[in-house]
Amino acid sequence: MSRHYFAYRSFNPEFETMKRFVDIGLDTICFFPGHSNNSMGLPYAKYPPTWCWYGKYNFESLDQQISDLKKIKEDIKLICMIDLNCPEWLARRMSLYRETGDSFTHLTDSLANIHWKEPTMEYLAAFLEHTEKYHADSITAYVIACGHTDEWFDHNNDLCGLPKALKYVEWREKKGLPYGEPPSALRLCKAAYDGFLLDPEKSSDVFDYRKFCNELVGDSICEFAAETRKRIRKEVEIGVFYGYVVDRKEAAESTHLDYEKVANCPDIDFMISPGSYDDRDMGGGSGWQSCAGTEKLAGKTHMHECDQRTHTYNHSLSPYVSFNVPSWKNHEEDLAGIKREFALALINQSSLWWFDMWGGFYQEQELFDYFAKMKQIYTEKVELPVSPVEETIMVVDPDASYYIAHGTDWKRQGLFACSTRIKLNRTGMPFECYCLDDIPKIPNLDNIKFVVMACPWEITPEKEELLRKYLLKDNRIVLWLYAPGLSDGKTLDESRCEKWIGKALSSTAGLELNDMPGWRSAFIRNPADLTSEDLKTLAVKAGVHIYTDAALPVYANSRFMAVHCKDKQELRLTLPEGFSFGKELYSGKEFEGHPNHIVWQTDGPESLLFELKQD
């Protein structure tokens with residue numbers, strides 16, 4: 001595992017807020033010396049651009065930014081984001097070649113284009129030569145950033161210029177595939193099954209093209225990470241935004257499906273994602289947009305980006321542009337929210353940075369009182385040894401996203417991994433998310449009693465062997481959504497679903513539970529009909545311990561347990577046998593006699609974090 005960070009980040013030079021964080025003990029700030037524009041067409045950086053022309057760099061701007069940060073704290077530790085997106089002048093120059101060159105809007109086109117890649121690699125080398133020579137005392141990590149919103153998204157992947165088309169033909173040749181050209185955007189939309197899924201037999205060119213695009217991004221991330229690693233000190237870490245396989249709609253087009261390659265890249269130390277955009281309101285369970293379990297198995301420390309908007313966030317980006325998005329509604333929600341996000345990070349032993357985006361997120365003193373407590377708790381406890389205690393897992397297969405037809409309803413796309421996690425977050429039990437290929441490596445697999453297969457429509461012979469060897473046994477309950485095994489990787493056939501469900505797909509109704517040899521199969525055809533109560537009922541039948549009967553998110557490991565609620569209520573919390581409540585860490589309340597069960601009255605939105613004792 002890489003090191004842990006408790007940090008602050010903002011696009012703006014929010015120096016007064018930075019000073020307040022430093023005063024409570026925070027010692028790490030993420031900064032972004034950029035030259036590109038954001039999704040609203042405004043410059044990311046408030047300092048002059050660093051990349052001015054081919055081989056012409058304004059690193060005085062970078063120096064000034066670091067100098068200003070060191071005025072807050074001379075020995076401040078810095079996480080430096082490297083802007084690999086092209087400046088506007090480079091995009092304009094590439095248009096002279098009749099080529100698309102804006103890596104922010106057309107990432108894979110740029111990655112395949114030597115006219116983009118060569119100057120970008122030269123900029124990276126010059127940037128690192130400068131920072132490592134003049135700022136090695138301050139910079140503790142780099143984040144390589146590119147693509148839409150610097151998160152390695154390609155929002156125009158259906159488009160393909162000549163350099164990318166040639167790269168695709170070359171990719172097919174290396175894979176031993178016959179000659180083929182990129183499919184049209186219309187072909188990416190031609191669903192063959194239920195108005196939703198593509199047929200790998202009829203649309204093999206679409207599958208190939210999508211895999212090429214995702215591999216191009218994954219390979220490029222690893223290449224840029226390797227180039228960065230060659231030029232920096234051994235102890236300096238590298239992070240990247242990538243792997244949003246739980247929350248992301250249009251995941252194949254967004255090019256985040258080469259997740260496992262990037263997660264296992266030896267040159268990358270930590271993966272970053274914002275907290276879930278779909279479950280951050282009060283009462284929600286938040287969570288990574290990626291699979292937490294996958295990153296832990298790869299030895300990566302996740303960086304939890306806490307960009308949840310408080311009720312004081314700055315809406316105004318310029319005199320003309322406003323940023324109006326859902327936010328927590330008042331002071332009480334702000335407090336409960338930051339406490340929830342911190343508890344999630346601590347229990348998952350992740351890093352976190354408080355992302356103040358365009359300023360104003362963190363203003364009230366009581367928030368800083370809690371930040372001070374959090375920093376102390378984090379410093380003392382985040383690296384203490386822990387063991388997993390969850391008995392439920394959700395399994396995501398990144399390959400499944402290749403099947404979803406481009407342009408299908410986003411709400412429907414979200415019904416699988418994203419919506420299912422939201423429902424699991426309201427079952428009163430902890431759970432973990434893994435990718436399908438992780439199953440043989442899950443450390444506590446023998447203790448897993450309930451498995452949710454969120455998107456299981458492709459089960460190849462190899463995947464079937466894995467499932468039968470490791471998962472479909474020990475009297476587990478395995479819940480399948482929609483059409484398990486519909487595809488064997490080559491064709492679609494509904495009759496294949498029967499061996500996973502226990503009966504013909506056409507004869508199912510509602511939530512099914514059928515006995516299978518050594519395990520039990522649960523199935524629901526329409527994931528929209530699945531409820532949190534259904535999940536809790538199946539978990540109880542499987543023998544899973546429920547920490548609270550209320551429909552609340554619970555996080556836990558062998559040392560800590562947390563719970564979150566959105567309103568005033570009496571919480572009845574019960575730990576598994578062998579565990580007892582020691583102390584609530586936010587309030588400092590200690591429990592005499594170390595009870596296994598407690599009752600706690602909340603006055604409104606609340607997040608509680610308990611330190612546990614183990615018999």
Side-chain angles (χ1 to χ4, degrees), residues 1-7 25-28 30 77 79 140-141 237-243 246 263-264 268-276 285-306 338-354 371 373-394 421 425 429-435 438 441-445 447-448 547 553-564 579 582-583 585-586 607-614:
M1 280 288 188
S2 47
R3 67 175 67 102
H4 291 89
Y5 304 95
F6 184 99
L26 182 143
D27 63 359
T28 305
C30 176
K77 298 175 184 176
I79 299 174
T140 189
E237 296 194 327
I238 300 172
V240 64
F241 290 87
Y242 195 68
V246 174
N264 287 283
I268 292 173
D269 300 288
F270 59 96
M271 312 278 284
I272 316 163
S273 77
S276 171
S286 187
W288 316 158
Q289 298 196 42
S290 52
C291 287
T294 299
E295 293 175 23
K296 292 173 187 174
L297 289 175
K300 303 295 190 282
T301 296
H302 187 81
M303 173 66 80
H304 181 34
E305 180 168 86
C306 300
I338 65 168
K339 289 159 69 178
R340 177 188 67 194
E341 300 306 316
F342 174 76
L344 175 68
L346 178 71
I347 289 173
N348 279 278
Q349 294 188 306
S350 85
S351 295
L352 75 163
W353 62 41
W354 303 100
F371 285 138
K373 291 180 183 179
M374 293 172 189
K375 180 59 171 72
Q376 181 179 0
I377 294 168
Y378 193 80
T379 300
E380 294 175 355
K381 302 182 184 296
V382 71
E383 294 186 351
L384 293 175
V386 298
S387 301
V389 297
E390 69 276 354
E391 298 172 304
T392 297
I393 59 172
M394 182 177 82
R421 184 177 64 181
N425 270 332
M429 63 181 180
F431 61 95
E432 186 63 282
C433 297
Y434 289 100
C435 290
D438 296 327
K441 299 172 285 185
I442 295 174
N444 60 327
L445 186 59
N447 297 325
I448 299 302
Y547 288 65
V554 168
Y555 319 130
N557 59 30
S558 59
R559 192 177 291 272
F560 304 105
M561 176 257 180
V563 63
H564 166 72
F579 291 89
K583 182 179 182 179
L585 292 173
Y586 292 135
S607 299
L608 303 171
L609 174 59
F610 300 97
E611 190 165 28
L612 308 180
K613 302 293 183 182
Q614 196 167 358

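Reckoned from all heavy atoms, side chains included, excluding hydrogens, waters and symmetry mates.
Here the closest non-hydrogen pair linking Asn444 and Glu390 is ND2-O, 3.1 Å. Nearest heavy-atom pair across Ser351 and Ala345 is O-CB, 4.5 Å. Closest of all the heavy-atom pairs between His564 and Ser607 is ND1-OG, 2.9 Å. Nearest heavy atoms, Ala298 versus Asn264: CB-OD1, 3.7 Å. Considering every non-hydrogen atom in both Leu26 and Lys375, the closest pair reads CA-CE, 4.0 Å. Nearest heavy atoms, Ser286 versus Leu344: OG-CD2, 3.8 Å.
Although no hydrogens or angles enter the test, the distance criterion places a donor-acceptor pair under 3.5 Å between the side chain of Glu237 and the main chain of Arg3. A distance-only check finds no donor-acceptor pair linking the side chain of Asp269 to the backbone of Gly239 [under 3.5 Å]. Formation of a donor-acceptor pair under 3.5 Å by the Ser273 side chain with backbone atoms of Gln289 is found in this model. Proximity of a side-chain donor or acceptor of Tyr586 to a complementary backbone N or O of Lys339 within less than 3.5 Å is detected.
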Could you please spell out the steps behind the side chain to side chain contact (heavy atoms under 4.5 Å, CB included) verdict for Leu352 and Tyr378? CA-CA 10 Å; Leu352 75 163; Tyr378 193 80; 3.9 Å; yes

Can you check side chain to side chain contact (heavy atoms under 4.5 Å, CB included) on Arg421 and Ser276, steps first, answer last? CA-CA 10 Å; Arg421 184 177 64 181; Ser276 171; 3.3 Å; yes

Does Trp353 form a side chain to side chain contact (heavy atoms under 4.5 Å, CB included) with Thr28? I'd like the steps, not just the answer. CA-CA 9 Å; Trp353 62 41; Thr28 305; over 6 Å; no

Kindly determine whether Phe560 and Glu611 satisfy side chain to side chain contact (heavy atoms under 4.5 Å, CB included), including the steps that lead there. CA-CA 5 Å; Phe560 304 105; Glu611 190 165 28; 4.1 Å; yes

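Distance check, rounded to the nearest 0.5 Å: CG of Leu297 to CG of Asp438 gives 5.0 Å. The distance from atom SG of Cys30 to atom CD1 of Ile272, rounded to the nearest 0.5 Å, is 7.0 Å. To the nearest 0.5 Å, atom CZ of residue Phe610 and atom CZ of residue Phe579 are 15.5 Å apart. His302 contributes atom NE2, which lies 12.0 Å from atom NE2 of His4 (distance to the nearest 0.5 angstrom). Atom CG in Leu609 sits 11.5 Å away from atom NZ in Lys373 (nearest 0.5 Å). Separating the NZ atom in Lys583 from the CG atom in Leu612 is a distance of 13.5 Å, to the nearest 0.5 Å.
Looking at Gln349 and Thr301, their side chains never come closer than 4.5 Å, going by heavy atoms from C-beta outward. Between Trp354 and Ile338 the shortest side-chain heavy-atom distance falls below 4.5 Å. For the pair Phe270 and Glu295, the minimum side-chain heavy-atom distance is 4.5 Å or more. The shortest side-chain heavy-atom distance between Phe241 and Ser290 does not fall under the 4.5 Å cut-off. Tyr434 places a side-chain heavy atom less than 4.5 Å from the side chain of Ile442. A 4.5 Å side-chain heavy-atom check between Ile79 and Met303 finds at least one atom pair inside the cut-off. For the pair Asn348/Glu432, a side-chain contact is recorded, criterion being any heavy-atom separation below 4.5 Å from C-beta on. At a threshold of 4.5 Å between non-hydrogen side-chain atoms, the residues Asn557 and Pro430 do not count as touching.
Taking the six-membered ring for Trp and thresholds of 30 and 60 degrees, His304 and Trp288 have ring planes inclined between 30 and 60 degrees apart. Aromatic ring orientation, Phe342 versus Phe6: perpendicular (interplanar angle above 60°, classes split at 30° and 60°).
In this structure, Glu341 has no salt bridge (charged side-chain N to carboxylate O under 4.0 Å, His left out) partners at least two apart in sequence or on a different chain. Listed by chain and residue number, nothing satisfies the ring-ring contact (aromatic ring centres under 6.0 Å, His included) test with Phe431 (two or more places apart in sequence, or in another chain).
When the shell of 6.0 Å around NZ of Lys381 is examined, it contains more than 12 heavy atoms from other residues, nucleotides or ligands.
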